[in-house]
Amino acid sequence: MRIKVKEALNSEQSQENILVKGWVRTKRQSKGFCFLEINDGSCLKNLQAIVDEGMPGYEEIDQVATGASVCIAGNLVPSPGKGQAWEVKASRIEIIGKADPETYPLQKKRHSDEFLRTIAHLRPRTNKYGAMNRIRSEMSYGVHKYFHDKGFNYIHTPIITGSDCEGAGEMFVVTALDLDKTATQGKKVNFEQDFFGKQAHLTVSGQLNAENLACALGDVYTFGPTFRAENSNTPKHVAEFWMIEPEMAFADLSDNMGLAEDMVKKMILHARKNCPDDMELFAKFVDKSLESRLDNILNNAFVRLPYTDAVEILEKSKQKFDFPVKYGLDLQTEHERYLCEKEFKKPVIIYDYPKEIKPFYMRLNDDNKTVAAMDLLVPGVGELVGGSQREERLDVLESRIDDTGLNKEDYWWYIDLRRFGTVPHSGFGLGFERLLMLTTGVTNIRDVIMFPRTPNSLEF
RNA sequence: UCCCCGGUAGCUCAAUCGGCAGAGCGGGUGGCUGUUAACCACUAGGUUGGCGGUUCAAGUCCGUCCCGGGGAGCCA
C-alpha cells in the first residue's frame with residue numbers, strides 16, 4: 001500500500017510492506033548499500049530509504065540521481081542513524097523516471113532566487129518553493145474558511161468586463177478579432193464587430209459586481225485572478241495576481257477597517273497553526289525577524305490615522321523626503337514607509353483621503369472634502385489593502401461621476417443600486433500575494449506566485 | 001517608463017594599473033559496510049550576455065542592444 005512521506009514520518013509504529021513514491025532529493029552511496037532521500041511534496045521533510053546491494057532494482061541504482069522519480073517498497077522501521085526517527089528498509093526499488101545529472105539544474109546546494117526564477121517549472125521541487133506552495137494552498141483554504149465561518153457568501157465575478165474605467169490602472173484588452181488582418185488593412189479597430197459588440201477587458205477588480213451581490217446577499221467576497229496592464233517593474237507588482245474582495249451591506253468604513261485588521265491577523269494565525277514546519281523554514285532561512293514581525297502585527301491594534309493627521313505628522317517630522325508633503329497630494333512610498341516603519345512601527349490604516357485623489361465610488365464625507373477611503377500599510381510590504389465605504393446616495397454618486405468626467409450611461413446598472421433600496425456598504429481589496437509576502441517574509445512577489453506574469457516575461 | 005548596480009564554467013563568485021581566465025560547489029571515474037549538504041583520490045568543463053569600436057594587447061576602456069537585481073511612478 002502506498003503511503004505519503006508525511007504519513008510515514010508521522011507514523012506511530014513500524015509498518016511492513018509499504019510503498020513510497022517520490023523524487024530523489026539526494027543519494028549517498030557506499031559499497032554494498034545506498035541511502036536515498038525521497039520527497040513527494042506532502043511535507044517539507046524527506047523520507048530516508050536504505051537500499052542494500054542485491055535487492056531487486058539495485059543493479060540500476062547507478063542511474064538514480066537527484067531529481068529522479070522512484071518507487072520504493074519495503075518496511076518502515078525505526079532509524080538507527082541520527083537525524084530521523086523513521087526510515088524505509090527497501091526490499092525493492094524501481095526507477096519511474098530518470099533525471100540526467102549532467103543536465104538536471106537543481107543541485108543539493110542552495111540556489112539563488114534569481115536563478116530559480118529561470119527554472120520556474122522545477123523550482124517547486126526545492127524546499128523553499130515547496131513550502132511556499134503548501135503555505136499558499138493552506139492560506140487559500142484559510143481565506144474561504146474565515147469568510148465561511150463569518151457567514152459570507154463566496155461569489156464569482158466576471159473576469160471579462162465591459163466596464164471601461166474604474167480608476168484602477170491600465171487594462172488588458174480581450175478580443176476575438178483577427179488583429180493581423182486589422183493591421184494589414186490599416187484600418188482602425190471596430191470593436192462593434194468584436195465578440196461582445198463592444199470593447200472588452202480583463203478585470204481589474206470585481207468590486208462593482210460584488211456590490212450588486214452584497215446588496216442582495218448581505219456579506220459576500222470574491223477570491224480570484226485580477227489583471228493590471230501597468231508597465232510596472234517592481235518586487236511588489238505582477239500583471240496577474242489573486243485578490244480577495246469582501247463587500248458588506250450595512251457596513252461603514254469603521255466596520256471595513258475592523259474586518260481588514262481581523263482578517264490579516266487571522267490569516268497569519270492560520271498559517272502558523274497549519275504550516276508550522278514550512279513557516280519555520282522561512283523564519284530560519286528567509287527572514288530571521290519573521291517571528292517577531294508577525295508577533296508585532298498580532299499583538300498590536302492597527303493604528304487608524306486620518307489622512308489629514310498623517311500629513312501633519314509628516315510635516316512635523318524631522319525626516320527629509322524627496323517628494324513634497326502637502327494636503328491634497330497623494331502619499332508617496334517614502335511617506336507611507338516612514339509612517340508605518342518609523343513613526344508607529346506597526347500596521348497603519350490611513351483613511352479619509354481628499355476626494356480629488358480617489359475614485360468616484362468612494363463615499364463623500366460630511367466635510368465635502370474627503371471620502372471614506374482606507375489603505376492598510378504594513379511594514380515591509382507597503383499597501384496590503386485598499387478599500388472604502390461606497391457612495392450610496394444617488395445624487396451624490398451621479399455628480400461624482402460627472403465631476404470625474406465619466407459617462408453615467410456606462411454605469412447605469414451600478415447606479416440603479418442607489419435607486420432601489422440603497423444601503424450603506426463597504427468593502428476592500430486585499431492582494432493575496434502581498435499577504436503571502438507578509439506571512440513568509442519573502443520580499444519579491446515573483447517568488448510567492450509560481451508562474452509570475454510581469455512585463456516581458458511569459459515563459460512558463 | 002525613468003534612475004542606479006550587475007552579467008566570467010551547470011550554480012555561487014574571484015581575476016591588482018588594460019598583460020597567460022581561477023576557486024568552491026555540482027558533474028564524471030575509481031574507492032569506502034549506517035550515511036545525513038557523507039567522505040577520500042583522480043578528472044572533464046569557458047565565444048567572459050550579443051554586436052560594434054579604441055589598443056601591440058580587452059573579462060577589464062568606449063558605444064549600443066538584450067537579460068537580471070534594487071529604487072521610483074502606478075497599485076493590491
Side-chain angles (χ1 to χ4, degrees), chain A residues 25-37 45-54 62 65-67 77 79-84 87 89 99-119 126-127 166-171 204-207 225-245 260 264 321-323 330-337 357-359 375-378 381-387 428-438 443-449 454-457 459:
Chain A
R25 280 297 180 79
T26 170
K27 176 171 100 167
R28 292 182 290 272
Q29 190 165 10
S30 241
K31 189 181 183 182
F33 61 93
C34 179
F35 286 102
L36 296 174
E37 287 199 32
K45 294 194 179 82
N46 304 322
L47 177 62
Q48 173 170 288
I50 176 162
V51 191
D52 284 325
E53 192 170 14
D62 284 347
T66 305
V77 297
S79 176
K82 282 180 188 146
Q84 61 280 318
E87 68 182 21
K89 186 90 178 155
D100 179 8
E102 299 244 28
T103 50
Y104 185 65
L106 289 176
Q107 302 173 2
K108 280 183 272 192
K109 64 170 204 167
R110 203 183 153 276
H111 285 295
S112 68
D113 292 321
E114 290 81 0
F115 171 67
L116 291 171
R117 272 174 225 146
T118 69
I119 49 167
T126 64
N127 287 339
E166 292 160 18
E170 295 296 312
M171 304 170 87
V204 292
S205 164
Q207 180 200 319
T226 305
F227 309 88
R228 302 279 163 88
E230 295 288 346
N231 185 16
S232 48
N233 218 308
T234 84
K236 293 185 172 68
H237 292 85
V238 275
E240 178 184 289
F241 62 100
W242 287 66
M243 187 155 67
I244 298 150
E245 294 183 282
V264 168
F321 296 114
D322 293 333
F323 290 88
D330 216 344
L331 298 179
Q332 303 291 315
T333 298
E334 57 174 353
H335 306 139
E336 296 179 343
R337 290 190 59 170
I357 57 175
K358 290 292 180 183
D375 284 347
L376 168 58
L377 311 175
V378 182
V381 174
E383 187 173 342
L384 177 64
V385 169
F428 61 79
L430 182 150
F432 186 55
E433 281 75 17
R434 289 186 183 173
L435 178 64
L436 286 169
M437 292 169 75
L438 174 71
T443 53
N444 195 313
I445 198 167
R446 298 177 186 90
D447 298 333
V448 300
I449 185 166
T454 52
N456 270 315
S457 172
E459 182 68 21

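Below, chain A is the first sequence line, B the second, and so on; all start at residue 1. Only a predicted model underlies this, so the values are computations on that prediction, with no experimental measurement involved.
At most 12 non-hydrogen atoms from other residues, nucleotides or ligands lie less than 6.0 angstrom from NZ of A:Lys45. Counting heavy-atom neighbours within 6.0 Å of A:Asp100 CG, excluding the residue itself, gives a total above 12. Heavy-atom contacts from other residues, nucleotides or ligands closer than 6.0 Å to CZ of A:Arg337 number 12 or fewer.
Judged purely by atom type and a 3.5 angstrom limit, A:Glu334 uses its side chain to pair as donor or acceptor with the backbone of A:Asp322. Between the side chain of A:Gln332 and the backbone N or O of A:Phe323 there is no donor-acceptor pair closer than 3.5 Å.
With its glycosidic angle more than 90° from 0, B:C11 is assigned anti.
Once rounded to the nearest 0.5 Å, the distance linking CG of A:Leu331 with CG of A:Leu377 reads 8.0 Å. Rounding to the nearest 0.5 angstrom, the gap separating the CD1 atom in A:Ile119 from the NE2 atom in A:His111 is 6.0 Å.
Within the shown strands, B:U1 is the pairing partner of B:A72 under the Watson-Crick or G-U definition, both distances less than 3.5 Å. Base pairing annotation: B:A58 forms no Watson-Crick or G-U wobble pair, as no partner gives both donor-acceptor distances under 3.5 Å. Pair assignment for B:G6: B:C67, on the basis of Watson-Crick or G-U wobble contacts that are both within less than 3.5 Å. Under the Watson-Crick and G-U wobble criteria, each requiring two contacts below 3.5 Å, nucleotide B:A41 is paired to B:U29. Nucleotide B:U16 has no partner under the Watson-Crick or G-U criteria, as no pair reaches both atom distances under 3.5 Å.
Residue A:Arg228 contributes atom CZ, which lies 6 Å from atom C1' of B:A76 at whole-angstrom precision. A:Phe115 places its CZ atom 14 Å from the P atom of B:G69, with the value rounded to the nearest Å. Atom CD of A:Gln207 is separated from atom C1' of B:C75 by 14 Å (rounded to the nearest Å). Across the protein-nucleic acid pair, A:Leu331 atom CG and B:G73 atom P stand 11 Å apart, rounded to whole Å. For A:Glu459 and B:G68, the CD to C1' distance is 15 Å, given to the nearest whole Å. Atom pair A:Lys45:NZ and B:A37:P shows a separation of 14 Å (rounding to whole Å applied). The distance between atom CD of A:Glu245 and atom P of B:C75, rounded to the nearest whole Å, is 15 Å. Between the CD atom of A:Glu37 and the P atom of B:U35 there is a distance of 13 Å, given to the nearest Å.
A stacking contact links A:Phe241 to B:A76: the aromatic ring centre lies within less than 5.5 Å of the base's six-membered ring centre, and the planes differ by less than 30°.
The residue among A:Arg446 and A:Asp375 whose nearest nucleotide of RNA chain B lies closer to the 5′ end is A:Arg446.
Taking the side chain of A:Ser232 as heavy atoms from C-beta on, and the options B:G70, B:A37, B:G73, the nearest nucleotide is B:G73. Nearest to the side chain of A:Asn231, among B:U1, B:G69, B:C75, sits B:U1. In this structure, the nucleotide among B:G27, B:G69, B:C32 sitting nearest to the side chain of A:Pro101 is B:G27. Taking the side chain of A:Gln332 as heavy atoms from C-beta on, and the options B:G68, B:G73, B:A37, the nearest nucleotide is B:G73. Out of B:G73, B:C67, B:C32, the shortest distance to the side chain of A:Ser30 is found at B:C32. Each of B:C32, B:C75, B:A72 was ranked by its minimum atom distance to the side chain of A:Arg434; first place goes to B:C75. The side chain of A:Ser79 lies closest to B:U35, out of B:C11, B:U35, B:A76. Closest approach to the A:Gln107 side chain among B:G34, B:C74, B:C11 is made by B:C11 (side chain taken as heavy atoms from C-beta onward).
At the phosphate of B:G70, OP1 or OP2 sits under 4.0 Å from a side-chain N or O atom of A:Asn444. Using a 4.0 Å cut-off, no side-chain N or O of A:Lys108 falls inside it from OP1 or OP2 of B:A37. Listed pair A:Arg28 / B:C32 fails the phosphate criterion, with no side-chain N or O lying under 4.0 Å from OP1 or OP2. An OP1 or OP2 oxygen of B:A76 is reached within less than 4.0 angstrom by no side-chain nitrogen or oxygen of A:Thr226.
Nucleic acid contact class of A:Gly32 (heavy atoms, under 4.0 Å, all strands): none. Residue contacts for A:Val238: at a heavy-atom cut-off of 4.0 Å it reaches a base atom on one of the strands shown. Contacts of A:Glu87 with the nucleic acid, taken as non-hydrogen atoms under 4.0 Å apart, include base atoms. Among the heavy atoms of the strands, none lies under 4.0 Å from A:Gly83. The residue A:Lys89 sits close to a base: some heavy atom pair falls under 4.0 Å. Contacts of A:His237 with the nucleic acid, taken as non-hydrogen atoms under 4.0 Å apart, include base atoms. Counting any heavy atom pair closer than 4.0 Å across all strands shown, A:Glu53 reaches no nucleic acid atom. Residue A:Gln48 is classed as a base contact, given a heavy-atom separation below 4.0 Å to a base. Heavy atoms of A:Gln29 sit under 4.0 angstrom from at least one base atom. The residue A:Ser112 sits close only to the backbone: its heavy atoms come under 4.0 Å of sugar-phosphate atoms, none of a base. When heavy atoms are screened at a 4.0 angstrom cut-off, A:Phe33 is found touching the sugar-phosphate backbone but no base atom. Using a 4.0 Å heavy-atom criterion, one finds that A:Pro455 contacts no nucleic acid atom at all. Using a 4.0 Å heavy-atom criterion, one finds that A:Leu435 contacts no nucleic acid atom at all. When heavy atoms are screened at a 4.0 angstrom cut-off, A:Arg110 is found touching no nucleic acid atom at all.
B:A15 and B:A23 have their C1' atoms separated by 11 Å, given to the nearest Å. B:A58 and B:U47 have their C1' atoms separated by 14 Å, with the value rounded to a whole Å. Rounded to the nearest Å, the gap between the P atom of B:G49 and that of B:A14 is 13 Å. When the P atom is compared between B:C13 and B:A72, the two are found 23 Å apart, to the nearest whole Å. Between B:G52 and B:C20, the distance separating the two C1' atoms is 26 Å to the nearest Å. Annotation: B:G28 and B:A9 have their C1' atoms spaced 15 Å apart (nearest Å). Straight-line distance between the C1' atoms of B:A37 and B:C25: roughly 10 Å, to the nearest whole Å.
Residue-to-nucleotide contacts include a donor-acceptor pair under 3.5 Å from the side chain of A:Gln84 to the base of B:U35. Counting distance only, with no hydrogens placed and no angle test, the side-chain atoms of A:Glu102 and the base atoms of B:G45 include no donor-acceptor pair under 3.5 Å.
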Requested in this report: May I have the step-by-step check of salt bridge (Lys or Arg N to Asp or Glu O under 4.0 Å) for A:Lys31 and A:Glu53, ending in yes or no?
Outcome: CA-CA 8 Å; A:Lys31 189 181 183 182; A:Glu53 192 170 14; over 6 Å; no
Report task. Apply the test side-chain contact (heavy atoms from CB on, under 4.5 Å) to residues A:Gln107 and A:Thr66: give CA-CA distance (whole Å), side-chain angles for both, the deciding distance (0.1 Å), then the verdict. Result -> CA-CA 7 Å; A:Gln107 302 173 2; A:Thr66 305; over 6 Å; no
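Aromatic ring centroids of A:His335 and A:Phe321 lie under 6.0 Å apart.
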